[in-house]
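Sequential numbering from 1 along the given sequence is applied to the chain's residues. When a ligand or atom number is given, it counts from 1 through the structure's own listing order.
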Amino acid sequence: MKEKRQIRIGMVGYKFMGKAHSHAFRDLPFYFDTDVIPVLQAIAGRDEQGVKEAAEKMGWASYETDWRRLIERDDIDVIDIVTPNNTHAEIAIAAAKAGKHIICEKPLALTLEQSLEMLEAVKRAGVVHMICHNYRFAPAVQFAKQLIAQGRLGKIYHIRATFLQDWLMDPNFPLIWRLKKEVSGSGTHGDLGAHIIDLARFLVGEFREVVGMMETFIKKRPLGDMDIHLKGRVEGTAWGEVDVDDASAFLARFENGALGVFEVSRFSRGNRAGNRFEINGERGSIRWDMENMNNLQVYLEDDERGLQGFRTINCTEVEHPYASAYWPAGHIIGYEHTFINLLVEMMNGIAGGYSPSPNFEDGVRNQAVLEAVERSVQTGGWVSISEVLPSVQVQSR
Ligand code: SOE
């Protein structure tokens, strides 16, 4: 049997997303027969004890305490960036210069300008690049895309999407990095908004203009840290300012004439991962909910009168994207498999010499929508995407 080319991964960071990516790299060759296979070569983190333990637990062959060292190593082909947002640009640009392929967590950067620099760097270096919008890779979401592309819903009129969580509602939840603008860029807006913007771009098309609002409900928090499960409570005496949003909502018009309503919040009691959307077209509608991620609700107007209604399709049949790699029909998969499916595309891209979507270009377009909403919040009016993203800089599809 021919030995497969090994793609040696170097991952920077090792917490929540590090766990998701490590697991996906490990399991990928178990489920998928890709032309090249990932090898967990090395991880980097500043705390030697922490990074050493993470390497052992998650199956990495070696570790470094400085990410620069990872980039210098000639036994690394891909740099995987799972660190806080303010480090993405520096690591990605250095990795591109060193000729490494790159996979980066979302949002791509702190600002649109920074994301454009990252895109420029990967294009100049000619490396393969992707951004980790994993929810696209739920089989039910991929199937929704197929139905829309086949015209089963007809012309698309509406998308309404939410990503609602509630882990930040305790006033004693600490001032973690996600609540500091200089580290995260924005709050819930960039963290969760980036996901539903990506789903909307994937399923409906490009945004034309937006108008939004944002709120920070709790403006001061105790200094401290949370755990990997987004849990933390500090009875601290030292407090700091929250300078990002707790919730953000916006309306949008799409290039194809569709209308969008979007809402993200970390203050939606009872919602743990309320990543949901509904899309309405002239001949049908679809609904998806991350917490029941294997199911797609589909309504088709062409159904016989009297039998019309939303049907629930459990997207685990061999006809559904990625599903045949896993289990017999009805044997559901989970959150972690969305990362495996995404990394399969990364491996295919490396084998074929192209950057699969979502790549840094998608990251830039996503960042442009995020930034347009922020600008709209400041000006109080509609902002068009072309105002924030000059068309010369990113090729349109
Ligand atoms: C926290 O809000 C978080 O972990 C996000 O950072 C992820 O991107 C999202 O997928 C789940 O929630």
Side-chain angles (χ1 to χ4, degrees), residues 12-24 80-88 103-110 130-138 140-141 161-170 173-181 183-202 214 216-218 221 225-232 242 244-249 262-277 288-293 333-343 358 362-363 366-367 369-370:
V12 189
Y14 55 86
K15 300 243 165 116
F16 177 16
M17 278 308 108
K19 181 176 173 182
H21 289 216
S22 302
H23 168 267
D80 182 5
I81 305 170
V82 293
T83 47
N85 308 346
N86 64 331
T87 60
H88 292 182
I103 168 102
C104 184
E105 261 304 327
K106 43 55 60 177
L108 194 56
L110 293 182
M130 279 190 87
I131 178 169
C132 194
H133 283 299
N134 58 302
Y135 296 109
R136 277 191 190 205
F137 292 93
V141 175
T162 62
F163 202 151
L164 308 176
Q165 300 185 333
D166 66 354
W167 53 269
L168 199 51
M169 295 182 73
D170 179 353
F173 188 94
L175 188 68
I176 55 163
W177 68 266
R178 289 170 190 268
L179 307 183
K180 297 178 195 158
K181 192 173 175 60
V183 189
S184 62
S186 68
T188 309
H189 184 55
D191 186 33
L192 303 181
H195 280 307
I196 58 176
I197 290 168
D198 182 67
L199 290 173
R201 289 190 56 254
F202 181 53
M214 289 180 181
T216 306
F217 297 116
I218 294 181
R221 288 185 178 276
D225 214 348
M226 63 172 182
D227 68 17
I228 192 175
H229 299 288
L230 300 169
K231 295 221 176 297
V242 178
V244 297
D245 59 286
D246 289 330
S248 146
F262 298 86
E263 186 188 9
V264 293
S265 175
R266 291 169 176 153
F267 275 69
S268 294
R269 221 10 134 209
N271 288 274
R272 306 294 200 238
N275 180 1
R276 311 181 187 109
F277 62 76
W288 182 75
D289 178 350
M290 150 70 188
E291 290 182 8
N292 285 300
M293 59 161 265
I333 58 167
Y335 172 69
E336 64 272 39
H337 299 91
T338 61
F339 293 90
I340 301 179
N341 298 345
L342 182 147
L343 293 176
D362 295 282
N366 195 304
Q367 203 90 39
V369 179
L370 291 171

Look at the rings of F163 and Y135 and say which category their plane angle falls in: under 30° parallel, 30 to 60° tilted, over 60° perpendicular.
perpendicular

Should the proximity of L192 to ligand 1, defined as any heavy atom under 4.0 Å, be assigned to the side chain, the backbone, both, or neither?
side chain

Nearest heavy-atom approach of V82 to E105 is CG1-CG, 4.0 Å

Which of parallel (below 30°), tilted (30 to 60°) and perpendicular (above 60°) describes H133 and H195?
perpendicular

Within less than 4.0 angstrom of ligand 1, does K106 place any heavy atom?
yes

Contacting atoms of ligand 1, where contact means under 4.0 angstrom from a heavy atom of Y135
9 (C), 10 (O), 11 (C)

Tell me: protein heavy atom nearest atom 4 (O) of ligand 1, and distance?
F16 CE2, 3.0 Å

Does G185 offer a backbone N or O that forms a donor-acceptor pair with the side chain of N85 under 3.5 Å?
no

Shortest non-hydrogen contact between M290 and Y335, atoms and distance:
CE-CD1, 3.7 Å

Would you mind running through ligand 1 and noting each atom that sits below 4.0 Å from a heavy atom of R178?
1 (C), 5 (C), 6 (O)

What protein heavy atom sits nearest atom 5 (C) of ligand 1, and how far off is it?
D191 OD1, 3.2 Å

Out of D191, D246, N271, D166, which one pairs with R266 under the side chain to side chain donor-acceptor pair (under 3.5 Å) rule?
D191

Distance from atom 11 (C) of ligand 1 to nearest protein heavy atom, with residue and atom:
Q165 NE2, 3.6 Å

